[in-house]
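All of these numbers come straight from a predicted model, not from anything done at the bench.
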Amino acid sequence: MGLVKNFSTALVTAGFVVLAVAAQAKASLTLEYEGDIGRPANLAEGEFPGTNGTLAVPQGIGVQDSTGNIYVSNGRGIDRVEIYSPQGEYLGGIGGTNSEPGQGFDEPADLKFDPVTGELHVGDVYNSEIDVYDSQGNYIRSYGSFGGPVEGRSFFGPGGLSFGKDGNVYATDFSSDVIKVYDGKNGELVRTIGSSGSELGQLQGPAGITVSPNTGNIYVADQYNYRVQVFDPQGNALYSFGTRGSEAGQFREPIGLEVDEYENIYVADSQNSRVQVFDKNGNFITEYGTAANAAPPASDGTSPYGDPLDLTPGTFNWTAGLHYDDDKLYVGDFFQGRVQVLNVVRDGATKVPEPAPVFGLGLLGFGVVATQLRKTRQQKSAISLKG
């Protein structure tokens with residue numbers, strides 16, 4: 001009976017251990033401005049968008065593991081993926097306007113690096129495909145197929161990209177309202193997740209997507225439903241959070257989305273010109289960003305920028321692209337031609353462990369208890385010896 005009683009105590013203690021980890025994972029978090037990557041073209045001085053180092057509507061952002069270089073999709077007719085050093089120095093670009101495979105892009109959107117091979121996957125919107133390049137920027141292949149224009153929507157094709165722990169590529173099909181899962185090695189379609197609609201498990205304009213490296217859960221920015229949806233690794237809808245609006249926890253067309261190792265959720269709340277942060281259950285933690293006192297660009301396409309520009313740190317004219325890497329958050333300042341880099345500052349947070357069986361957690365707790373009991377007995381023995 002003593003062993004059973006002690007083991008039960010260990011299981012209870014394990015529960016407190018798990019609760020403690022969860023509480024620490026929800027510790028305070030703030031975002032602080034560090035600097036900019038890229039800049040808008042100086043139109044007043046005759047500089048045109050596409051001049052080396054300038055950006056237009058940066059949506060896809062990624063950091064190459066091997067070099068720390070920062071890759072940014074450059075749209076609106078520039079159609080390149082630009083490369084910057086970790087210090088923000090312009091290094092060069094990949095692509096250019098072209099619809100032929102391997103010759104360039106027609107509006108590059110989200111991009112992701114394969115964590116195993118280092119290959120770069122880029123959503124090529126109007127070519128309706130995903131293009132793959134090696135670590136040196138050499139074209140390898142293209143794969144995928146995505147829906148075309150939908151009345152009332154200004155965007156279509158591939159939206160967000162993310163690699164899962166299974167090696168597959170998870171891509172949102174913005175106009176078909178589904179998530180498409182492709183084999184990361186050969187580009188074959190494995191399955192689809194979701195359907196069109198506004199019920200749980202349904203999507204309208206799915207944009208940013210990320211697969212948690214901890215749990216395998218799938219997080220999606222459900223743009224026209226003004227919410228974030230969460231699916232389990234099998235594609236079953238778990239929950240959603242967010243409503244339409246501008247208060248904390250509300251969205252006006254969320255686009256970019258990322259999850260960190262603590263299972264915090266970062267959302268580029270585009271038309272509210274801010275980033276919002278939530279815990280793994282969708283509870284609001286904090287927000288960052290102030291809207292520029294400017295309109296989006298004119299519809300005639302004469303400029304990709306809002307007017308006037310306000311390049312004050314923390315001021316955005318829509319937030320779109322988003323990338324988290326090593327306690328830094330890269331945020332696309334969509335209509336101001338730059339990426340703002342934010343430091344993620346935490347207080348007392350603990351990383352979320354990978355899922356483990358309850359019995360395993362019980363053994364973990366039992367080990368903690370046993371260790372503590374040994375320490376207590378040792379302390380008592382030491383006191384007795386001293387006595």
Side-chain angles (χ1 to χ4, degrees), residues 35-62 69-85 88-99 103-111 120 122-127 131 137 153-161 174 207-208 223 253 255-256 268 270-271 273 275 289 291-292 294-313 315-323 330-341:
D36 289 348
I37 299 292
R39 62 177 179 85
N42 191 335
L43 304 180
E45 295 187 1
E47 194 174 47
F48 60 90
T51 299
N52 287 348
T54 65
L55 293 173
V57 294
Q59 184 171 342
I61 308 166
N69 290 338
I70 301 148
Y71 288 60
V72 185
S73 293
N74 209 354
R76 294 300 187 273
I78 302 167
D79 299 323
R80 291 196 307 261
V81 172
E82 311 289 13
I83 308 171
Y84 296 84
S85 74
E89 177 188 2
Y90 180 72
L91 300 177
I94 300 171
T97 303
N98 204 302
S99 60
Q103 301 301 309
F105 308 101
D106 193 351
E107 196 68 22
D110 200 10
L111 57 83
L120 175 66
V122 184
D124 192 353
V125 173
Y126 299 137
N127 286 329
D131 300 326
R153 298 186 185 183
S154 57
F155 188 77
F156 60 89
L161 302 177
F174 190 81
Q223 186 168 338
E253 298 192 13
I255 296 180
S270 68
Q271 293 183 34
S273 296
V275 175
S299 58
D300 59 10
T302 54
S303 168
Y305 308 125
D307 186 21
L309 291 171
D310 184 349
L311 302 181
T312 305
T315 300
F316 297 90
N317 191 341
W318 287 38
T319 51
L322 204 62
H323 178 70
Y330 299 80
V331 187
D333 193 353
F334 206 52
F335 295 128
Q336 299 206 113
R338 63 176 177 172
V339 172
Q340 296 196 49
V341 185

Visitor: Do the non-hydrogen side-chain atoms of Glu47 and Arg39 ever get within less than 4.5 Å of each other?
Guide: yes
Visitor: Please name the pair of heavy atoms, one in Ile94 and one in Gly137, separated by the smallest distance, quoted to 0.1 Å.
Guide: CD1-CA, 3.8 Å
Visitor: How far apart are the closest heavy atoms of Ile70 and Tyr330, and which atoms are they?
Guide: CD1-CE2, 3.9 Å
Visitor: Please name all residues satisfying side-chain hydrogen bond (donor to acceptor under 3.5 Å, both in side chains) with Thr312, sequence neighbours left out, ordered by chain then number.
Guide: Asp310
Visitor: Got Arg80 and Phe105 here, is their nearest side-chain heavy-atom distance under 4.5 Å?
Guide: no
Visitor: Just how far is it from atom CD of Gln59 to atom CG of Asn74, taken to the nearest 0.5 Å?
Guide: 12.0 Å
Visitor: Can you find a pair of side-chain heavy atoms, one from Ser85 and one from Asn69, that are under 4.5 Å apart?
Guide: yes
Visitor: Determine whether a donor-acceptor pair (N or O, by modelled atom type, separation under 3.5 Å) exists between the side chain of Asp307 and the backbone of Ala294.
Guide: no
Visitor: Specify the closest pair of heavy atoms between Ala56 and Ile78, including all atoms of both residues, with the distance to one decimal.
Guide: CB-CD1, 3.8 Å
Visitor: Less than 4.5 Å apart, any side-chain heavy atom of Leu311 and any of Pro40?
Guide: yes
Visitor: Are side-chain heavy atoms of Ile61 and Tyr71 found at a separation under 4.5 Å?
Guide: no
Visitor: Which residues pass the salt bridge (charged side-chain N to carboxylate O under 4.0 Å, His left out) test with Arg76, not counting sequence neighbours?
Guide: Glu107
Visitor: Could you tell me whether a side-chain N or O of Thr319 sits under 3.5 Å from a main-chain N or O of Val275, the two making a donor and an acceptor?
Guide: no
Visitor: Can you name the nearest heavy-atom pair linking Leu161 to Asp110, along with the distance?
Guide: N-OD2, 2.8 Å
Visitor: Between Ser303 and Leu43, what is the shortest heavy-atom contact and its length?
Guide: OG-CD1, 3.5 Å
Visitor: Measure from the side-chain N and O atoms of Asp79 to the backbone N and O of Asp106, and report whether any donor-acceptor pair falls under 3.5 Å.
Guide: no
Visitor: Given 3.5 Å as the limit, does a donor-acceptor pair link the side chain of Gln340 with the main chain of Thr315, or not?
Guide: yes
Visitor: Would you say Glu89 and Tyr84 make side-chain contact, with heavy atoms under 4.5 Å?
Guide: no
Visitor: Distance check, rounded to the nearest 0.5 Å: Leu55 atom CG versus Gln336 atom CD?
Guide: 12.5 Å
Visitor: Under the ring-ring contact (aromatic ring centres under 6.0 Å, His included) test, which residues partner Tyr305, sequence neighbours left out?
Guide: none
Visitor: Would you mind telling me which of Tyr126, Phe156, Phe155 makes a ring-ring contact (aromatic ring centres under 6.0 Å, His included) with Phe174?
Guide: Phe155
Visitor: Determine the minimum heavy-atom distance between Pro108 and Gly75, stating which atoms define it.
Guide: CD-CA, 4.4 Å
